[in-house]
Novice: 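Take a look at this one; I'll ask things after.
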Amino acid sequence: YPSLKPLGSYVNDLIARLKFLQEWYDNGAPPVFWVSGFFFTQAFLTGSKQNYARKYTIPIDLLTFDFEVLDDKNYDTPPEDGVYVNGLFMEGSR
């Protein structure tokens, strides 16, 4: 994946991404997803909308995201609808 990081940071980040994906493969979907660990984040977010749309038989074009900032703690179970994510960065916001 493309990066502007120095080689040492790049390798550390790559190892963390591989660990995250390996744990997902070995243990099933985690309760909290490391969103910045994905190469193509938009596909993951679209997939979460698609799961919701299929569950409630709503056209995906009618769905929008609603974000809620939660306490920084460990979540053992996923939410009933949607996904928990960490590693989300915001730029240019107030």
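Heads up: numbering here begins at 1 and tracks the sequence.
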Novice: Please enumerate all residues that pass side chain to side chain donor-acceptor pair (under 3.5 Å) together with Ser36, with sequence neighbours excluded.
Specialist: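 Partners of Ser36 by the side chain to side chain donor-acceptor pair (under 3.5 Å) criterion, ordered by chain and then number, come out as Trp34.
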Novice: Would you say Tyr75 and Trp24 are hydrophobically clustered, going by side-chain heavy atoms of ILVMFWY under 4.5 Å?
Specialist: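 In one cluster: no.
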Novice: Enumerate the salt bridge (charged side-chain N to carboxylate O under 4.0 Å, His left out) contacts for residues 79-88, please, sequence neighbours excluded, ordered by first and then second residue.
Specialist: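 For residues 79-88, and leaving out neighbouring residues, the salt bridge (charged side-chain N to carboxylate O under 4.0 Å, His left out) pairs sorted by first residue read Lys55-Asp81.
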Novice: Do Val85 and Leu70 land in one hydrophobic cluster if side-chain heavy atoms of ILVMFWY residues count as linked below 4.5 Å?
Specialist: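 No, it is not one cluster - the side chains of Val85 and Leu70 are not joined through contacts under 4.5 Å.
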Novice: Among the clusters formed by ILVMFWY side chains lying less than 4.5 Å apart, do Leu88 and Phe38 turn up in the same one?
Specialist: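 They do share one cluster, since a chain of ILVMFWY contacts under 4.5 Å joins Leu88 to Phe38.
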Novice: Which pairs, with at least one residue in residues 58-71 and sequence neighbours excluded, count as a side-chain hydrogen bond (donor to acceptor under 3.5 Å, both in side chains)?
Specialist: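 The answer is none; no pair qualifies.
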Novice: Answer yes if the ring centres of Phe33 and Phe44 are under 6.0 angstrom apart, and no otherwise.
Specialist: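 Yes; Phe44 has its ring centre under 6.0 Å from that of Phe33.
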Novice: Taking all non-hydrogen atoms of both residues, which atom of Lys5 and which atom of Asp13 are closest, and how far apart?
Specialist: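 Shortest heavy-atom contact: NZ-CG, 3.5 Å.
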Novice: Can you tell me how far the OG atom of Ser9 sits from the CG atom of Leu14, to the nearest 0.5 Å?
Specialist: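 Answer for the OG-CG pair, Ser9 versus Leu14, is 12.5 Å.
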Novice: Using 0.5 Å steps for rounding, measure from the NZ atom of Lys19 to the CG atom of Asp26.
Specialist: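 Atom-to-atom, Lys19:NZ and Asp26:CG are 12.0 Å apart.
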Novice: Does Leu62 share a hydrophobic cluster with Tyr56, counting links as ILVMFWY side-chain heavy atoms below 4.5 Å and allowing steps through other members?
Specialist: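 Linked within one cluster.
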Novice: Is it the case that more than 12 heavy atoms not belonging to Tyr25 sit under 6.0 Å from its OH atom?
Specialist: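 For Tyr25, atom OH is not crowded (no more than 12 foreign heavy atoms under 6.0 Å).
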Novice: Which heavy atom of Val35 sits nearest to which heavy atom of Thr41, and what is that distance?
Specialist: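 Looking at all heavy atoms of both residues, the closest pair is CG2-CG2, 3.4 Å.
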Novice: How many angstroms lie between CG in Asn86 and CG in Asp72, if you round to the nearest 0.5 Å?
Specialist: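 Here the rounded value is 8.5 Å.
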Novice: Distance check, rounded to the nearest 0.5 Å: Asn74 atom CG versus Asp76 atom CG?
Specialist: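 Going from CG on Asn74 over to CG on Asp76, the span is 7.0 Å.
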Novice: First locate atom CG of Asn51, then atom OG1 of Thr46, and finally report the distance between them rounded to the nearest 0.5 Å.
Specialist: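 Atom-to-atom, Asn51:CG and Thr46:OG1 are 11.0 Å apart.
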Novice: Provide the closest heavy-atom pair for Pro31 versus Pro79 in the form atom of the first, atom of the second, distance.
Specialist: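 Shortest heavy-atom contact: O-CD, 4.4 Å.
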Novice: In this structure, would Phe20 and Ile15 fall into the same cluster of hydrophobic residues linked by side-chain contacts under 4.5 Å?
Specialist: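 No, Phe20 does not connect to Ile15 through the hydrophobic network.
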Novice: Working to the nearest 0.5 angstrom, can you tell me the gap between Phe65 CZ and Leu45 CG?
Specialist: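 Those atoms lie 4.5 Å apart.
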